[in-house]
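All remarks here apply to the structure that follows.
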Amino acid sequence: MGNVTGKFTAKDAAVTLGYGYNISYFFTVGGNLSYVTSKIESYTSSALLADLGVVFNDIDYYTTVSAVVRNFGGQLTYYNDRREKLPIQANLGISQRFEKLPMELTLTLHDLQKFDISSPTNKKGEKINGGRKIIDHISLGAELFPESDLTSEPDIILREVMNWPSKINGHLPD
């Protein structure tokens with residue numbers, strides 16, 4: 001396994017304050033301010049970071065659009081007197097919920113602060129092309145809400161097409 005030459009400790013901590021404000025019926029803005037610190041053995045680094053975001057929410061059309069910039073700020077103290085760039089990240093997202101379907105679809109464009117977030121080559125060793133570099137910024141998602149009431153319209157259509165009788169208070173009429 002190796003020779004024990006001593007022991008060391010490592011600690012990371014963050015303190016974050018956040019605030020959000022409704023500008024209007026449709027728009028909300030918010031931000032966080034964070035102090036982060038890291039200690040590995042006798043080396044210490046700390047930074048002051050901020051996140052800012054804005055959300056547009058149209059409840060009439062069940063649509064939400066948001067933009068966020070995270071981790072901008074600077075180091076206060078450095079490991080080995082070496083200043084490092086902070087991992088700034090810019091994201092843009094849109095989600096669409098459906099009125100009569102208990103589901104929401106989400107499209108997120110992430111890491112927009114840098115065009116090339118892909119590895120240089122694919123599994124075959126071929127150079128990554130521009131199309132792949134764009135696709136690597138896209139995340140798609142879907143969320144189901146099974147606790148929501150499902151619409152009864154398919155039942156109405158089936159009853160009319162199949163000439164089925166309607167239920168009254170949960171029972172078929174005589």
Side-chain angles (χ1 to χ4, degrees), residues 11-39 44-79 82-119 128-160 166-167 169-170:
K11 296 177 187 176
D12 293 324
V15 176
T16 302
L17 297 172
Y19 181 75
Y21 180 75
N22 291 326
I23 295 175
S24 69
Y25 183 73
F26 294 106
F27 285 97
T28 303
V29 295
N32 291 328
L33 187 61
S34 299
Y35 172 77
V36 295
T37 183
S38 177
K39 182 176 181 175
T44 302
S45 180
S46 62
L48 195 57
L49 305 171
D51 307 328
L52 290 176
V54 62
V55 176
F56 169 79
N57 189 17
D58 187 343
I59 60 172
D60 295 330
Y61 293 101
Y62 305 96
T63 303
T64 302
V65 179
S66 61
V68 64
V69 178
R70 291 192 247 174
N71 297 332
F72 61 89
Q75 280 183 289
L76 303 173
T77 59
Y78 319 119
Y79 287 126
R82 189 174 134 217
R83 185 181 178 124
E84 299 173 278
K85 292 180 85 176
L86 298 178
I88 295 174
Q89 186 182 43
N91 297 342
L92 179 65
I94 184 168
S95 63
Q96 179 67 52
R97 193 159 181 181
F98 301 96
E99 183 177 2
K100 299 188 186 266
L101 183 66
M103 183 173 77
E104 182 175 69
L105 297 177
T106 303
L107 168 71
T108 304
L109 304 175
H110 57 84
D111 295 302
L112 297 176
Q113 76 286 350
K114 183 178 179 183
F115 175 69
D116 188 1
I117 61 169
S118 306
S119 59
I128 299 294
N129 64 29
R132 175 56 196 249
K133 291 178 182 185
I134 291 170
I135 290 171
D136 283 347
H137 287 277
I138 299 172
S139 294
L140 299 173
E143 185 172 359
L144 297 174
F145 302 101
E147 73 278 354
S148 300
D149 293 332
L150 293 173
T151 182
S152 60
E153 287 181 11
D155 183 48
I156 294 169
I157 294 168
L158 279 175
R159 279 191 279 114
E160 289 178 9
S166 296
K167 288 184 179 180
N169 293 330

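All values reported here derive from a predicted model rather than from experimental measurement. For the numbers below, each heavy atom of this structure counts, side chains included, while hydrogens, waters and symmetry mates do not. Numbers for residues simply follow the sequence, beginning at 1.
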Results of side-chain contact (heavy atoms from CB on, under 4.5 Å) for [X] - residues two or more places apart only:
| X | value |
| --- | --- |
| Thr16 | Asn32, Ser34 |
| Tyr61 | Asp58, Thr63 |
| Tyr25 | Ile59 |
| Tyr35 | Thr37, Ser46, Leu48, Leu76 |

**Study point:** ring pair (Phe, Tyr, Trp, His ring centres under 6.0 Å) involving Phe26 - partner list, sequence neighbours excluded
**Key:**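 For Phe26, the residues satisfying ring pair (Phe, Tyr, Trp, His ring centres under 6.0 Å) (neighbours in sequence not counted) are Phe56.
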If the condition is side chain to side chain donor-acceptor pair (under 3.5 Å), which residues does [X] pass it with, not counting sequence neighbours?
| X | value |
| --- | --- |
| Tyr79 | Ser38 |
| Thr64 | Asn57 |
| Asn129 | none |

Exercise for review: Check whether any side-chain heavy atom of Lys100 sits under 4.5 Å from a side-chain heavy atom of Phe98, and report yes or no.
Suggested key: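 The answer is no, as the side chains (C-beta and beyond) never meet within the 4.5 Å cut-off.
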Point to revise | Any side-chain heavy-atom pair of Val55 and Val65 under 4.5 Å | key: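 Of all side-chain heavy-atom pairs linking Val65 with Val55, none is under 4.5 Å.
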Practice item. To the nearest 0.5 angstrom, please state how far the OG atom of Ser45 sits from the CD atom of Glu84. Key: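 It is 6.5 Å, given to the nearest 0.5 Å.
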Exercise for review: State the CG-CZ distance between Leu86 and Arg70, to the nearest 0.5 angstrom.
Suggested key: 14.0 Å
Which atom names give the shortest non-hydrogen contact between [X] and [Y], and what distance separates them?
| X | Y | value |
| --- | --- | --- |
| Ala50 | Leu33 | CB-CD1, 4.3 Å |
| Ala14 | Val36 | CB-CG1, 3.6 Å |
| Ser118 | Lys133 | OG-CA, 3.5 Å |

Under 3.5 Å, which donor-acceptor pairs do the side chains of residues 102-114 form with other protein atoms, sequence neighbours left out?
residue: His110; atom: NE2; partner: Asp136; partner atom: O; Å: 3.4
residue: His110; atom: NE2; partner: Ser139; partner atom: OG; Å: 3.3
residue: Asp111; atom: OD1; partner: Gln89; partner atom: NE2; Å: 3.0
residue: Gln113; atom: OE1; partner: Ala90; partner atom: N; Å: 3.0
residue: Gln113; atom: NE2; partner: Ile88; partner atom: O; Å: 3.2

